[in-house]
Amino acid sequence: MTLARRDYRTVVVGGGVVGLYTAHHLVRAGAGPVLVVDRGRLSAGGSGRNGGGIRQQWETRATIRLAREAVAAYRGFASEFGHNVWFRQGGYLFLADGAAEMARLERVRNVARAEGLDVRLLGVPEVERLVDGIAPGACLGGSYLATDGTLYPYPVLWGLLEALRRAGTEVAYGVEVTGVARDDRGRLAGVLTSEGRVATGALVNAAGGWSGELSRRCGLDVPNVATRHEILATEPMKPFVDPMVVRASDGLYFSQSMRGELVGGLTVPHPPGVDGGVPSSARFLTSMARALLTLLPRLAGLRVLRAWAGFYDDTPDGLPLLGEDPRLAGFVHANGLGGHGFMLAPSASRRAAQAVLGEPVDPEAREFSPGRFLAPGGASRVEGLQLG
Amino acid sequence: MGPNGRARVRFGRAELEGNAGEPLLATIARHGWPNLVRSVRYHRPRGPFCGVGDCAGCLVRVNGVPNVRACRHRLRDGEQVATENSWPSPRFDVAGALDLVFPHGVDSVHGLRRPSWAAPLYQRFARRLAGFGRPPTPAPPTAPPPARTLRADVTIVGAGRSGRAVAEALVHRGVRPLVLERRPVPLAPTTEGGPVAGTELLGSATAAILPAPATAEPAGGSGGLELLGFDDAGGGIRVRTRALVLATGSYDAGLVFEGSDRPGVVTADLAVAPLGLPFEEVVVVGGAERARQVVERLEENVVAVVAPAEISPELARAAVERDVPLYPRSRLVRGVGRGRLRAVELGRRDGSGRFRLACRSVVLAHRRLPNAQLAFQAGARRRWVDVPGAYFPVVDALGRSDVPGVYVVGSAARPSAEAAPTPERVAGAVLGDRDGGPAPAAVPPRPSEIVPYYRELLREPRRGKWVLCPCEDVLLDELERAAERGYHGLELAMRYTGVGTGLCQGRYCLPEAIAILAVLERRPPAEVGYVTQRPPLTPTPLGALASLERPEPSEPRP
Ligand SMILES: Cc1cc2nc3c(=O)[nH]c(=O)nc-3n(C[C@H](O)[C@H](O)[C@H](O)COP(=O)(O)OP(=O)(O)OC[C@H]3O[C@@H](n4cnc5c(N)ncnc54)[C@H](O)[C@@H]3O)c2cc1C
């Protein structure tokens with residue numbers, strides 16, 4: 001893979017949904033030439049391995065705003081990019097199985113309502129109507145937003161990639177970034193790649209689960225940690241559950257895909273780190289099955305078709321890093337999106353593009369400022385709803 | 001169980017009777033060729049195809065559990081059996097009209113998105129069509145059958161010919177191996193004979209998950225390998241073992257042509273299985289030993305033998321003895337008929353002729369492919385072998401794969417043309433013999449046969465649907481679209497089309513997809529790549545998996 005040029009206005013590292021969307025925003029703003037590089041192939045990262053959950057229920061107002069903007073973008077994706085992403089707004093249902101969870105969901109409801117979202121708290125009978133066959137006593141109630149939903153992730157990637165290529169933007173898979181070059185005033189001057197050095201004034205770190213590794217390769221210490229997350233799909237069935245269902249206590253989640261498969265995951269402890277590739281573990285399969293059957297015992301005879309794993313990057317406060325790094329002018333973060341990078345990609349990447357273009361950032365985006373971990377005491381608050 | 005070992009089950013509105021314990025499919029097949037289900041997207045008629053419990057051709061609902069394979073389910077008195085994914089019946093399914101309305105299929109990537117306000121309608125519609133059976137009927141909560149944990153120094157998966165041979169050699173050396181076999185035991189009389197004395201044989205036990213040793217949990221101090229599986233009652237099985245010998249054998253490949261998904265097109269595995277399907281007017285596809293077995297089995301019901309290449313003298317003799325005409329160097333272009341095959345169209349490979357043969361079945365006996373998925377799941381390296389056109393695990397002269405402790409033997413390890421180590425030497429290696437002796441002579445590579453076959457076939461004009469992946473109704477056109485748009489390699493093609501993501505876990509479509517992609521992308525099949533072998537390698541009940549869950553190691557034990 002050889003690159004077409006030796007200098008670009010911006011180099012985006014990572015050809016997942018965040019990198020492609022960032023490039024799209026930049027190109028649309030006329031800020032080319034942009035180069036997107038990815039050391040893997042299309043959909044090798046988290047963007048090709050996720051569950052397609054899209055929600056707006058959050059404890060943090062700024063995140064709710066990102067999510068709302070993203071939902072609008074995905075609603076219009078098919079007409080904008082000519083690819084059907086099957087964005088089905090079947091709702092998100094968070095289940096509380098204890099008083100603490102119920103209180104947390106109430107908080108979420110209040111914040112979301114203040115943002116104008118029609119989040120409702122549901123009692124057990126309403127939950128039973130939404131989740132046919134839920135075990136008696138499995139929950140105390142839940143919170144529900146009908147406009148949340150799920151989509152099919154791959155067509156998002158294809159639509160973005162094809163649009164970028166049509167616009168003449170270079171997207172190079174199989175090219176790795178190993179570091180940056182600085183000018184004599186310490187500003188970003190170029191990017192070191194497996195295809196040699198490329199001159200650029202801006203780099204966007206959209207390397208997903210490997211963003212911490214990339215920042216450190218460029219001499220920037222960041223708190224992002226790579227987290228392995230696993231997910232499974234069952235045999236396909238006729239539709240029986242519309243919303244994405246998430247249990248607040250253990251992070252169990254599942255939804256039924258357009259193909260009828262139940263697709264779901266669970267937060268199981270894994271040693272952090274990205275070593276050893278991304279094979280699935282037996283432990284996940286057994287824990288996930290156990291957790292799912294406590295909620296829906298009727299599914300005991302249903303079969304699991306396949307399981308897979310991927311990486312994303314978590315931050316200590318559960319909020320992303322969006323914007324320029326105060327320590328290196330020209331180095332822009334579009335990462336730390338955790339298990340929610342797909343649902344936030346359209347809007348999060350717009351914030352990153354704004355930072356590249358030097359446009360004023362929205363006031364609420366300050367919560368995502370990469371400098372917040374540099375201040376003594378670090379970040380002040382933690383997003384509580386980092387599930388599903 | 002009813003009187004005299006008989007069992008009666010309700011099947012829709014009818015009542016069927018058979019021998020308790022026989023495959024449900026055999027019971028149903030006594031009443032004619034079974035068309036049990038419709039396909040997921042276009043509701044095309046489907047019938048039994050593989051006969052070994054992997055395809056989606058004989059799914060039924062049994063006692064409220066969807067997607068049960070009738071060929072694997074054992075008949076039990078009083079069960080309620082129903083057909084799936086069709087209304088009012090699999091023979092006359094209203095939604096089947098879709099297949100006619102969209103003769104070239106629906107492009108779900110670019111289509112069904114306008115007008116945008118209609119998206120929820122398309123979605124509801126598409127969801128209804130998808131998904132085979134209804135979800136399981138709520139049953140009174142029963143505790144899952146308890147999991148069984150077995151420990152053995154040596155475990156063999158597969159009680160076929162090679163598994164038995166290695167088991168015998170181990171017994172001879174004073175070792176008692178554990179043998180897992182997916183079929184029930186005592187085995188139905190097969191060419192392989194009964195169980196081996198001196199082994200611990202566990203029947204109706206399917207091995208499904210073999211994590212790569214690096215990701216396996218620290219195995220309770222014992223080290224070694226952990227294999228998970230389940231039995232036919234839905235109970236989980238955990239095996240702890242030092243050495244694992246995979247003797248999982250091989251299977252008969254599919255073949256793509258127009259209408260290759262029609263009921264009546266089956267593999268040789270199905271044709272020789274003791275399922276009692278009423279075969280008549282059979283066209284056998286293949287030129288060698290497997291096709292000969294089918295001819296001997298189906299006798300006077302065979303109306304023709306069609307071979308993509310030459311026909312072996314033994315097969316020719318068997319056919320001529322029965323007055324069966326031979327069509328060497330020919331290809332299948334089209335299967336005619338909707339609910340059931342009525343005829344096939346053949347073409348000579350040199351383009352010199354076109355025939356139509358009346359027939360009710362096509363039996364595919366042209367290529368046998370290795371069942372090596374467990375080894376791949378564990379991380380064994382693979383090598384592409386042009387004939388038969390499949391990935392085999394890399395094993396050394398003693399059957400050792402590059403995953404420590406994992407051996408692969410028999411037809412799962414190498415194509416028949418390659419010399420295999422003797423069972424005694426494999427047993428010796430498993431028990432620690434270092435001396436490998438001379439390596440079996442390498443077989444000179446043969447050029448691919450399947451790639452030129454598909455290269456010619458793809459030039460044929462296409463009228464109806466060419467279903468590449470019958471589990472998910474993926475069409476050949478979709479694979480072409482992926483290649484045209486630059487989504488090259490099997491990994492991307494799988495994501496773009498869904499090929500390989502269905503119930504058979506890609507067993508029947510991926511080998512064909514690789515050969516076809518080699519043609520479309522103009523590069524050798526080995527460069528098309530492969531996909532990650534994801535666990536479980538056979539659909540595994542949630543109940544079985546849950547029963548295998550252990551408490552967190554840190555949790556205090558009660
Ligand atoms: C199993 C699973 C389920 C999930 N479910 C959901 C969900 O339901 N909803 C949701 O919103 N999110 C979900 N996520 C999270 C979501 O997938 C990610 O947050 C999102 O895809 C991140 O996109 P990205 O573009 O930032 O990263 P990625 O898609 O991971 O892309 C990063 C890319 O960077 C490349 N790269 C890394 N380092 C370098 C380097 N040095 N040089 C060049 N290239 C490099 C990698 O090859 C990779 O392709 C899930 C994640 C997983 C794993």
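Numbers restart at 1 for each chain; the letters A, B, ... are given by sequence-line order, proteins then strands.
For L537(B), no part sits under 4.5 Å from any heavy atom of chain A, backbone or side chain. Interface remark: L548(B) contributes backbone and side-chain atoms alike to the contact with chain A (heavy atom separation under 4.5 Å). Heavy atoms closer than 4.5 Å to chain A are found in both the backbone and the side chain of P135(B). Of the two parts of F230(B), neither the backbone nor the side chain holds a non-hydrogen atom closer than 4.5 Å to a non-hydrogen atom of chain A. Of the atoms belonging to V109(B), heavy atoms from both backbone and side chain fall under 4.5 Å from chain A. In this structure, the portion of L492(B) lying under 4.5 Å from any heavy atom of chain A is its side chain and not its backbone. Heavy atoms closer than 4.5 Å to chain A are found in both the backbone and the side chain of Q123(B).
Listed for the N67(B) side chain is a donor-acceptor partner under 3.5 Å among the backbone atoms of P236(A). Side-chain atoms of W86(A) come within 3.5 Å of backbone atoms of S108(B) as a donor-acceptor pair (strictly under, hydrogens ignored). R134(B) places no side-chain N or O within 3.5 Å of a backbone atom of K238(A) that could act as its donor or acceptor partner. Judged by distance alone, the side chain of R41(A) and the main-chain N or O of E491(B) form no donor-acceptor pair under 3.5 Å. Side chain of R127(B) to main chain of P239(A): no donor-acceptor pair is present (N/O by atom type, distance under 3.5 Å, no hydrogens or angles). At least one donor-acceptor pair closer than 3.5 Å links the side chain of R283(A) to the backbone N or O of R550(B).
Between E472(B) and R259(A), at least one side-chain nitrogen of the basic residue sits less than 4.0 Å from a carboxylate oxygen of the acidic one, meeting the salt-bridge criterion.
Between H110(B) atom NE2 and F81(A) atom CZ the span is 13.0 Å, to the nearest 0.5 Å.
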